[in-house]
Number of protein chains: 2
Amino acid sequence: MLTLAIDMDEVLADAAKKLKAWYYRDYGKTFEDEEVKGKDLKEAVIPEHFSLFRKYCNTPGFFRDLEVMPDAQEVLKELNKQYEVYIVSAAVEFPNSLKDKYDWIMENLSFITWRQICFCGSKSIVQTDIMIDDRVRNFKDFKGRKLLYSAHHNIFETNYERVNNWKEIRQLLL
Amino acid sequence: MLTLAIDMDEVLADAAKKLKAWYYRDYGKTFEDEEVKGKDLKEAVIPEHFSLFRKYCNTPGFFRDLEVMPDAQEVLKELNKQYEVYIVSAAVEFPNSLKDKYDWIMENLSFITWRQICFCGSKSIVQTDIMIDDRVRNFKDFKGRKLLYSAHHNIFETNYERVNNWKEIRQLLL
């Protein structure tokens with residue numbers, strides 16, 4: 001069985017949506033698609049607010065109730081029968097997110113067991129046959145097949161095989 | 001720089017000591033060296049208490065104040081200059097341990113950064129050049145050099161290069 005590493009934020013869980021909502025709550029600003037093309041959210045706000053998104057991410061509860069990305073549950077459940085699936089999240093950067101992310105997986109992806117979860121700092125020591133991720137930095141030391149999950153910040157990356165949504169993952173891998 | 005994965009419980013942190021202490025507190029029983037040779041602690045208690053050690057491990061706070069293994073801080077600090085060190089713990093089995101283990105590392109191994117921490121379920125997707133671990137099951141899919149850290153439960157394993165303490169790790173790797 002092939003091993004398959006799947007990222008959480010922006011792939012399984014819509015963290016960007018909540019970051020935008022919290023920033024709107026605190027500063028009344030919305031983000032146009034155009035201004036975050038090829039950028040992180042923090043690059044679209046004033047420099048004084050750079051660190052704010054990190055603060056949001058380390059707030060207990062932030063990751064607990066994120067929306068699941070469309071079709072992710074259904075497709076992942078099928079993948080889980082044909083692949084050795086691992087949820088791999090660089091969550092250790094935000095230690096207060098660890099339990100929230102675990103609980104989120106248990107609630108939203110109940111077919112996944114604790115054995116299939118990996119919370120790391122750097123993903124450089126994780127090796128599987130396939131990795132689906134929205135951050136090209138996570139592909140740096142990765143030796144398997146890389147599938148870049150489209151997100152506003154990676155829209156100009158041209159060096160990777162790309163998936164735009166979970167329906168495309170189904171077509172490609174099932 | 002070679003990559004080096006190091007386990008936490010029974011290698012960096014003395015979890016067994018606290019498990020024994022809690023069991024003594026609850027049931028007044030001590031463990032003789034002889035009765036845990038080649039065995040887990042749970043195999044030395046009555047079957048009705050099998051699951052108790054798992055319960056202890058998932059109690060918030062259990063892993064927060066474990067004793068550091070002798071010489072571990074000093075030797076690891078040196079290793080951290082010559083190797084790309086990662087602390088790799090199968091902590092996801094006990095979700096309430098995640099934050100405690102993170103805080104324990106920050107307090108006791110302050111030269112380690114969040115990038116160097118990996119909390120997984122199975123260690124099968126972790127690949128580094130060297131792994132130090134007390135559980136042979138973690139070596140199953142591991143392709144690098146395996147160093148078995150001696151513990152009561154692995155005393156009869158003969159298939160692995162063995163280290164008995166951190167002084168020996170220093171001699172071998174520094």
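Order of the sequence lines sets the chain letters (A, B, ...), proteins ahead of strands, with each chain counted from 1.
- By the 4.5 Å heavy-atom criterion applied to side chains, A/I130 and A/T3 are not counted as neighbours.
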Margin query: Applying salt bridge (Lys or Arg N to Asp or Glu O under 4.0 Å) to A/D40 and A/R135, what does each step give before you reach the verdict?
Written below: CA-CA 11 Å; A/D40 279 342; A/R135 295 281 176 186; 2.8 Å; yes
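- Residue B/Y86 touches chain A through its side chain alone, counting heavy-atom pairs closer than 4.5 Å.
- In terms of heavy-atom pairs under 4.5 Å with chain B, the best-connected choice from A/I125, A/T128, A/V92 is A/I125.
- Contact check for B/R64 versus B/D103: side-chain heavy atoms found under the 4.5 Å cut-off.
- Top candidate by heavy-atom pairs under 4.5 Å with chain A, chosen from B/K123, B/E84, B/K99, B/M106, is B/K99.
- No hydrogens or angles considered: nothing links the side chains of A/D33 and A/H152 as a donor-acceptor pair under 3.5 Å.
- Per-residue counts of heavy-atom pairs under 4.5 Å with chain A were compared for B/P95, B/S122, B/A91, B/C120; the largest is that of B/P95.
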